[in-house]
Protein chains: 2
Amino acid sequence: MKDSEYKDIGKLFKVLSDPVRLQIIDLISCKEMCACEILEFLSISQSTLSHHMKVLKECGIVTSRKDATWVYYSIVTEFINDLKEKFNNITSDTSDCFCYTIKIECKK
Amino acid sequence: MKDSEYKDIGKLFKVLSDPVRLQIIDLISCKEMCACEILEFLSISQSTLSHHMKVLKECGIVTSRKDATWVYYSIVTEFINDLKEKFNNITSDTSDCFCYTIKIECKK
DNA sequence: CATATATATTGACAACTATCAATATATTAT
DNA sequence: ATAATATATTGATAGTTGTCAATATATATG
């Protein structure tokens, strides 16, 4: 696995490291919700929610569609599954770990 | 799911959000390694590695055993699996999502 | 005891970010 | 047109953290 891939996966985990964003994901994984509906469940300001939704969208975890004044958000399941698979890869003994491809000189 | 649970899971994802720590996990998921061996694979200082190993240990993802001057690190698989399960819970429509337990007043 | 190696800790600094109030934009209803 | 509602953007701020050099501690070896 390349350096850049660890960075990319790290960025996604960074997005998932915020408890509010985890709550949002939990909510919209049950059903599609508009921002004002999500906001009712949380105790944050509207601008903060808007910020979180932007972060979730920009990284690919969430998608949205606009209907009149409302913006409906939902989870991109394939994207999440892809991340899960990559994490499985990292946490198990797989041949594409860079410990098999990089030669090191260890004095041990 | 309680507020504190989202916080706890968020903290674990925070730990996983660093690309260097992801590399370390990838390495030691292949086989147990001592710090100096891990260091050979990475381009960071020894003190930085020590810091990362402390973070990984303190959150429960990694465990260690000391043998002479060497400290050997390995993954706590059950812990990782537990996190994966919790993430599956968050990213799917499950009855313990707080959208089912909290009553909201939405004008929609 | 002295030297070398392995690991941990401390302190400092730069970079990042979650949050809010205020404001802006867009759409609907009256 | 005006008011109300939904969402986004713009600073500003406070808190967090990854990194390194320097230092400390621990163990083995000669």
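Remember, predicted model here, so these are calculated numbers, not experimental data. So that the names make sense, note that chain A is the first sequence line, chain B the second, and so on, each numbered from 1.
- With the nearest nucleotide of DNA chain C identified for both Ser43(A) and Val71(B), Val71(B) has the one nearer the 5' end.
- The CG atom of Leu49(A) sits 13 Å away from the C1' atom of dT19(C) (whole-angstrom rounding).
- Residue Thr48(B) has no polar side-chain atom (N or O) positioned under 4.0 Å from OP1 or OP2 of dT19(D).
- Scored by the side-chain contact (heavy atoms from CB on, under 4.5 Å) test, Lys66(B) finds Val71(B) as partners (sequence neighbours excluded).
- Within the structure, every pair that satisfies the side-chain hydrogen bond (donor to acceptor under 3.5 Å, both in side chains) test and touches residues 6-20 of chain A, not counting sequence neighbours, is listed here: Tyr6(A)-Asp26(B).
- Remark: side-chain polar atoms of Glu40(A) are not paired, donor with acceptor, to backbone N or O of Glu37(A) under 3.5 angstrom.
- Under the rule for a side-chain hydrogen bond (donor to acceptor under 3.5 Å, both in side chains), the partners of His52(B) that lie at least two apart in sequence or sit in another chain are Arg21(B).
- Protein atom CD of Glu37(B) is 15 Å distant from nucleotide atom C1' of dT5(C), rounded to whole Å.
- Between the OH atom of Tyr6(A) and the P atom of dG18(D) there is a distance of 18 Å, given to the nearest Å.
- Screening residues 69-83 of chain A for salt bridge (charged side-chain N to carboxylate O under 4.0 Å, His left out), with sequence neighbours left out, gives Asp82(A)-Lys86(A).
- Rounded to an integer number of Å, the gap from NZ of Lys11(B) to P of dT16(D) is 11 Å.
- Applying the ring pair (Phe, Tyr, Trp, His ring centres under 6.0 Å) test to Phe13(B) and every residue at least two apart in sequence or in another chain returns Phe13(A), Phe87(B).
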Check: protein-nucleotides 22-30 of chain C nitrogen or oxygen pairs below 3.5 Å:
none

Between the protein and nucleotides 15-17 of chain C, which nitrogen or oxygen pairs come in under 3.5 angstrom?
none

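- Taking Asn81(A) as the reference, Thr77(A), Lys84(A) meet the side-chain contact (heavy atoms from CB on, under 4.5 Å) condition, with sequence neighbours excluded.
- Residue Ser50(A) has its side chain nearest to dA8(D) when only dA8(D), dA6(C), dT19(C) are considered.
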Please tabulate, for side-chain N and O atoms in residues 53-65 of chain A, each donor-acceptor pair with protein atoms closer than 3.5 Å (sequence neighbours left out).
unit_1   : atom_1 : unit_2   : atom_2 : d
Lys57(A) : NZ     : Ser64(A) : OG     : 2.9
Arg65(A) : NE     : Glu32(A) : OE2    : 2.8
Arg65(A) : NH2    : Glu32(A) : OE1    : 2.9

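- Between Ile24(B) atom CD1 and dG18(D) atom P the separation is 11 Å, expressed in whole Å.
- Here the closest heavy-atom approach between residue Trp70(A) and residue Cys34(A) is recorded as CD1-SG, 3.9 Å.
- Of all the residues in residues 54-65 of chain A, not one reaches under 4.0 Å from DNA chain C with any non-hydrogen atom.
- Between the NZ atom of Lys7(A) and the P atom of dG18(D) there is a distance of 14 Å, rounded to whole Å.
- Applying the side-chain hydrogen bond (donor to acceptor under 3.5 Å, both in side chains) rule to Thr94(B) yields the partners Asn89(B), Asp96(B); only residues at least two apart in sequence or on another chain are considered.
- Applying the side-chain contact (heavy atoms from CB on, under 4.5 Å) rule to Ser45(A) yields the partners Ser47(A), Thr48(A); only residues at least two apart in sequence or on another chain are considered.
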